[in-house]
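Encoded as structure tokens, the structure appears first; notes follow it.
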Amino acid sequence: MASGRPAPTSEAELVARAAALAGRTLGELAVELGVAVPPDLRRAKGFAGQLLERALGATAGSRAEPDFPALGVELKTIPVDERGRPCESTFVCTIDSVAIGAVEWERSLVRRKLLRVLWVPVEGSRALAVGARRLGAALLWSPSPAEEAALRFDWEELAGLIGRGDVEQVTGHLGRHLQVRPKAAHGRARRRALDPDGMSFAALPRGFYLRASFTAAILASHYVLPR
DNA sequence: TATTGATCATAT
DNA sequence: ATATGATCAATA
């Protein structure tokens, strides 16, 4: 990957850059950055996110850090329908099911990832060619006390189950706003986990996701569709 | 058709 | 192999 823009040095600069992208298409951005546009996202699921990383000067790559380390800001592109509502859930982080039982909410990866997020809406209809999809108005967000309390409630239930060795009992049906779903390269992937008796076994890797209803509420009071 | 479970690409 | 970026696609 070629390098993107230099990193922004303040939140204001980051927000200004993001605001300037509203209404632009992924195709226009790709041309400016010298990136090829895939025909669809089946084999390029991270395309929009990686394009925006470069357009905004995020730290590229797969380092376990916020996208903008100096600012402590996480970048999330979010696909939205024609009404501005999320098309998908939002991946937050993977789960270390062996360690999670010893972690409190305040130090959890979920909370740290969501402390400060730049949401960048992108038209997500599969009927739109990838290159024609427009960016919406970005929103720099931190959870309100009520939002954090709600996330904490779900996290404690889910992390509690996993910590007690019941990771195999946790399905995507649990959690009002936060849920646990598989997060793996393929169905044979395995991570070390503990059963209720403390015995180690190979489990399907899982991650925390925000339900679309939760992110819809975040975007609802701020988001404006591109026009 | 909304949601859950499964999967794909790239970088390190 | 595990982190990043997520969306696909089968199911209920």
Side-chain angles (χ1 to χ4, degrees), chain A residues 1-4 7 26 29-30 33-69 73-83 85-100 109-110 112-114 117-131 133 135 138 154 158 167-193 202-217:
Chain A
M1 273 287 220
S3 58
L26 295 181
L29 238 51
L33 295 169
V35 176
V37 179
D40 57 62
L41 299 184
R42 284 180 298 181
R43 300 199 164 249
K45 295 179 180 178
F47 174 73
Q50 287 154 0
L51 195 66
L52 267 294
E53 282 183 346
R54 296 177 57 177
L56 293 172
T59 302
S62 56
R63 295 190 292 164
E65 282 188 341
D67 295 292
F68 302 96
V73 174
E74 180 75 16
L75 173 65
K76 289 290 182 191
T77 56
I78 182 163
V80 296
D81 64 19
E82 28 296 301
R83 294 168 47 204
R85 295 191 50 105
C87 302
E88 287 287 348
S89 57
T90 298
F91 172 70
V92 179
C93 60
T94 51
I95 298 172
D96 181 342
S97 56
V98 173
I100 199 169
L109 199 46
V110 170
R112 293 186 327 206
K113 286 265 186 183
L114 298 179
V117 178
L118 181 68
W119 298 100
V120 180
V122 184
E123 289 180 321
S125 167
R126 293 184 203 179
L128 283 173
V130 174
R133 297 181 192 183
L135 298 166
D154 287 345
L158 296 166
V167 63
E168 296 298 310
Q169 312 310 316
V170 176
T171 72
H173 297 272
L174 298 178
R176 172 133 183 234
H177 307 296
L178 195 65
Q179 64 179 171
V180 170
R181 307 220 307 275
K183 168 62 173 175
H186 48 72
R188 291 90 68 198
R190 289 295 183 272
R191 291 301 303 272
R192 185 175 163 63
L204 184 66
R206 294 156 193 261
F208 284 110
Y209 294 78
L210 295 175
R211 291 185 180 277
S213 54
F214 184 82
T215 51

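Computed from a predicted model, the values in this text were never measured in an experiment.
- Within 4.0 Å of A/A184, counting heavy atoms only, lies at least one base atom of the nucleic acid.
- Every residue was checked against the salt bridge (Lys or Arg N to Asp or Glu O under 4.0 Å) condition with A/E82, not counting sequence neighbours, and none meets it.
- Of the residues in residues 39-49 of chain A, those with a non-hydrogen atom less than 4.0 angstrom from any atom of DNA chain B are A/R42, A/R43, A/K45.
- The salt bridge (Lys or Arg N to Asp or Glu O under 4.0 Å) test applied to A/E65 returns A/R63, not counting sequence neighbours.
- Within 6.0 Å of CZ in A/R42 there are 12 or fewer heavy atoms belonging to other residues, nucleotides or ligands.
- For the segment residues 169-181 of chain A, residues with any heavy atom less than 4.0 angstrom from an atom of DNA chain B are, sorted by number, A/T171, A/G172, A/H173, A/Q179, A/R181.
- Pairs engaging residues 119-130 of chain A under the side-chain hydrogen bond (donor to acceptor under 3.5 Å, both in side chains) rule: A/E123-A/R134 [sequence neighbours left out].
- Here A/P79 lies in heavy-atom contact (under 4.0 Å) with sugar-phosphate atoms only.
- For the pair A/T90 and C/dA6, the criterion of a side-chain N or O lying under 4.0 Å from OP1 or OP2 is not met.
- The salt bridge (Lys or Arg N to Asp or Glu O under 4.0 Å) search around A/R211 returns none, not counting sequence neighbours.
- Remark: A/K183 is not in phosphate contact with B/dT7, judged by side-chain N or O atoms under 4.0 Å from OP1 or OP2.
- OP1 or OP2 of C/dA3 has at least one side-chain nitrogen or oxygen of A/R191 nearer than 4.0 Å.
- Taking side-chain N and O atoms only, A/R211 has a distance below 4.0 Å to OP1 or OP2 of B/dT4.
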